[in-house]
S.K.: 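Before I ask anything, let me first share the structure, which is written out below as structure tokens.
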Amino acid sequence: MKTYAIGDVYGRADLLAATLTFIENDNRGAPSGYRVIFLGDIIDRGPNSKAAMDLVVAELQRRSASRLILGNHEEFLLLFLARPDKRHVVFDHWMSNGGLAAAASYGLDLKRPYSRIDDAHNALLGLLQSHPGHIAALRNASSHFVANEYIFVHAGLRPGVPMADQTEKDMRTIRSDFLNCPYDFGRKVVHGHTETRSGRPEVYGNRIALDTAASATDVLSTLAMETTKDNRFFATRSGRTGIEVSLVNPAVFLTLDDVEHDVAKRRRA
């Protein structure tokens, strides 16, 4: 089955809508012969988390083979709902990490002076609970997904740890221990979470990175995979002439030294 993996959306519903339309058009001859893997961080930072989640939920309902991987930003939302005993701490941490944009997109009035922080909490709780389809999709989301020679995960994996023993915390938040290690996981890991240094999808010996910081760069990256064809990479860009989806060459690194060389080269250009 053809698989499309979409990197971190960060509330850019406009880019996600264009990406999903492109994917649909790319499969006119076989509309049911593909799946979409969302790598997480659908919400926060960008202007329209609610609309982005609407698109994800619609895709999951349309194609049973499609999957949502839970990102650490979606985990903030779920913890806010599920842990009233820690709601103040979770709320503060979530809002300071891009959650204000998500709260506003769901309808929270950020200009209103709340006399008590609990009033803001209760208002946001009501707004989120008015979208049960979103909450259900997040609660049913996966920590990872395995298909053929690939493992799809939000942040990465802990080197040297069997797949069955990987923790959800690592799969949603790991950075340097995963990114700076050439460990062979048996399958190539497709992930987001950490913005690529090149600003493009990056291909390494053991992993493929797809987070191109859509909310800040106006670029959402997608990997298209087919069993009998080479992988293709697409960039959905927002510019002065509108939004367009185009084929893009990934940055290919054999070693970590290549990363530093590429960054230095771009700085000199």
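Values below: every heavy atom of this structure, side chains too, minus hydrogens, waters and symmetry copies.
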S.K.: Would you check if there is a donor-acceptor pair between the side chains of H73 and N97 at a distance under 3.5 Å?
M.R.: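 There is no such pair between these side chains.
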S.K.: What's the shortest heavy-atom distance between G99 and D44, and which atoms?
M.R.: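 Residues G99 and D44, closest heavy atoms: CA-OD1, 3.5 Å.
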S.K.: Strictly distance-based, threshold 3.5 Å: is any side-chain N or O of Q166 a donor or acceptor partner for the main-chain N or O of V161?
M.R.: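 Yes; at least one donor-acceptor contact below 3.5 Å.
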S.K.: Could you pull out all donor-acceptor pairs under 3.5 Å where a side-chain atom in residues 217-229 meets a protein atom, sequence neighbours excluded?
M.R.:
unit_1	atom_1	unit_2	atom_2	d
T217	OG1	T212	O	2.6
T217	OG1	A213	O	3.0
T217	OG1	V219	N	3.3
D218	OD1	R12	NH1	2.6
S221	OG	T212	OG1	2.9

S.K.: Going by atom types alone, do D54 and H131 pair a side-chain donor with an acceptor below 3.5 Å?
M.R.: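 There is no such pair between these side chains.
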S.K.: Using a strict 4.0 Å threshold on nitrogen-to-oxygen distance, state whether R232 and D26 make a salt bridge.
M.R.: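 Here R232 pairs with D26 in a salt bridge, since their nearest N and O are under 4.0 Å apart.
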S.K.: Supply the atom-to-atom distance S215 OG to L15 CG, rounded to the nearest 0.5 angstrom.
M.R.: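 It is 10.0 Å, given to the nearest 0.5 Å.
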S.K.: If I take atom CD1 from residue I135 and atom CG from residue L81, how far apart are they, to the nearest 0.5 angstrom?
M.R.: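 Reported to 0.5 Å precision, the distance equals 5.0 Å.
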S.K.: When you measure from the side chain of E202 to the backbone N and O of S198, does any donor-acceptor pair fall under 3.5 Å?
M.R.: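 Between the backbone of S198 and the side chain of E202 there is a qualifying donor-acceptor contact (under 3.5 Å).
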S.K.: Flag yes if more than 12 heavy atoms outside D230 fall under 6.0 Å of its CG atom; otherwise flag no.
M.R.: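 No.
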S.K.: Given 3.5 Å as the limit, does a donor-acceptor pair link the side chain of S105 with the main chain of K50, or not?
M.R.: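 At least one qualifying donor-acceptor pair exists.
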S.K.: Identify the two heavy atoms, one from K169 and one from T173, that lie closest to each other, and give their separation to 0.1 Å.
M.R.: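 Taking K169 first and T173 second, the nearest heavy atoms are O-OG1, 2.6 Å.
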S.K.: Which residue is it: Y150, F178, F185, F145? I am looking for the one with a ring pair (Phe, Tyr, Trp, His ring centres under 6.0 Å) to H191.
M.R.: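 The single option meeting the ring pair (Phe, Tyr, Trp, His ring centres under 6.0 Å) with H191 is F178.
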S.K.: Identify the two heavy atoms, one from E74 and one from I43, that lie closest to each other, and give their separation to 0.1 Å.
M.R.: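 Closest approach of E74 to I43, heavy atoms only: OE2-N, 3.2 Å.
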S.K.: Can you check whether L79 reaches W94 side chain to side chain, under 4.5 Å on heavy atoms?
M.R.: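 A side-chain contact is absent here, since even the closest heavy-atom pair is not under 4.5 Å.
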S.K.: Could you go step by step and tell me if D109 and K111 meet the salt bridge (charged side-chain N to carboxylate O under 4.0 Å, His left out) rule?
M.R.: CA-CA 5 Å; D109 186 355; K111 295 181 180 179; over 6 Å; no
S.K.: Enter the distance from I151:CD1 to M171:CE here, rounded to the nearest 0.5 Å.
M.R.: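 These two atoms lie 10.0 Å from each other.
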S.K.: Please tell me whether Y4 and N27 have a donor and an acceptor in their side chains that are separated by less than 3.5 angstrom.
M.R.: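 Yes - a donor-acceptor pair under 3.5 Å links their side chains.
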S.K.: What I'd like to find out is whether the side chain of Y34 reaches to under 4.5 Å of the side chain of E24, using heavy atoms alone.
M.R.: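 Yes, at least one pair of side-chain atoms sits under 4.5 Å.
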S.K.: Between N206 and D184, is a side chain to side chain contact (heavy atoms under 4.5 Å, CB included) present by the stated rule, with each step listed?
M.R.: CA-CA 6 Å; N206 63 345; D184 183 355; 5.8 Å; no
S.K.: Under the side chain to side chain contact (heavy atoms under 4.5 Å, CB included) rule, what do L157 and I174 come out as? Steps first, then yes or no, please.
M.R.: CA-CA 7 Å; L157 300 174; I174 196 169; over 6 Å; no
S.K.: Within this structure, what is the CG-CD distance for the pair N72 and E168, rounded to the nearest 0.5 Å?
M.R.: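 Going from CG on N72 over to CD on E168, the span is 13.0 Å.
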S.K.: What distance do R172 atom CZ and D41 atom CG have between them, rounded to the nearest 0.5 Å?
M.R.: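 Here the rounded value is 10.5 Å.
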S.K.: Is R200 close enough and on-axis enough to F233, meaning under 6.0 Å and within 45°, for cation-pi?
M.R.: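 Output no; distance or angle outside limits.
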S.K.: For L39, is there any backbone N or O sitting under 3.5 Å from a side-chain donor or acceptor partner on H154?
M.R.: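 Flag set: sc H154 to bb L39 pair under 3.5 Å.
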S.K.: Evaluate the side chain to side chain contact (heavy atoms under 4.5 Å, CB included) criterion for residues L70 and L78: first the C-alpha distance (whole Å), next the side-chain angles of each, then the deciding distance (0.1 Å), finally the verdict.
M.R.: CA-CA 10 Å; L70 193 71; L78 291 180; 4.0 Å; yes
S.K.: If hydrophobic clusters are built from ILVMFWY residues whose side chains come within less than 4.5 Å, do I42 and Y10 share one?
M.R.: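 No, because I42 and Y10 fall into different hydrophobic clusters, even though each may have its own neighbours under 4.5 Å.
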S.K.: Could you tell me if the side chain of T167 sits less than 4.5 Å from the side chain of R158, heavy atoms only?
M.R.: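 No - every pair of side-chain heavy atoms lies 4.5 Å or more apart.
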S.K.: Tell me whether V89 shares a hydrophobic cluster with L124, the cluster being built from Ile, Leu, Val, Met, Phe, Trp, Tyr side chains joined at under 4.5 Å.
M.R.: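 In one cluster: no.
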S.K.: Within the 3.5 Å criterion, strictly below it, is a donor on H193 or D8 matched to an acceptor on the partner's side chain?
M.R.: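 On atom types as modelled, these side chains do not qualify, holding no pair under 3.5 Å.
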S.K.: N48 and A13: which non-hydrogen atoms are nearest, and at how many Å?
M.R.: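 That closest heavy-atom pairing would be O-CB, 3.7 Å.
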S.K.: Please examine the side chains of V248 and R237, heavy atoms only from C-beta on, and report whether any two atoms are closer than 4.5 Å.
M.R.: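 Yes, at least one pair of side-chain atoms sits under 4.5 Å.
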S.K.: Could you pull out all donor-acceptor pairs under 3.5 Å where a side-chain atom in residues 136-144 meets a protein atom, sequence neighbours excluded?
M.R.:
unit_1	atom_1	unit_2	atom_2	d
N140	ND2	A136	O	3.1

S.K.: For a quick test of reading the model, state the closest non-hydrogen atom pair linking V190 to A5 and the distance between them.
M.R.: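 Shortest heavy-atom separation between V190 and A5 comes out as CG1-CB, 4.2 Å.
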S.K.: Flag the pair E149 and K188 as a salt bridge only when some basic side-chain nitrogen lies within less than 4.0 angstrom of an acidic carboxylate oxygen.
M.R.: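 K188 and E149: not salt-bridged.
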S.K.: Considering all heavy atoms of both residues, which atom of F80 and which atom of V90 are nearest to each other, and what is their separation?
M.R.: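 Closest approach of F80 to V90, heavy atoms only: N-CG1, 3.7 Å.
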S.K.: Aromatic ring centroids of H121 and Y114 under 6.0 Å?
M.R.: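 Ring centroids of H121 and Y114 are no less than 6.0 Å from each other.
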S.K.: For the residue pair S66 / R35, report whether a side-chain donor-acceptor contact shorter than 3.5 Å exists.
M.R.: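 The answer is no; no qualifying pair exists.
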S.K.: For the residue pair N231 and I208, establish whether any side-chain heavy-atom pair is separated by less than 4.5 Å.
M.R.: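 A side-chain contact under 4.5 Å exists here.
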S.K.: Does the pair L128 and H134 meet the rule for a side chain to side chain contact (heavy atoms under 4.5 Å, CB included), with working shown?
M.R.: CA-CA 8 Å; L128 294 174; H134 292 194; over 6 Å; no
S.K.: If you round to the nearest 0.5 Å, how far is CG of D211 from CD1 of I6?
M.R.: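 Nearest 0.5 Å value for the CD1-CG distance: 13.5 Å.
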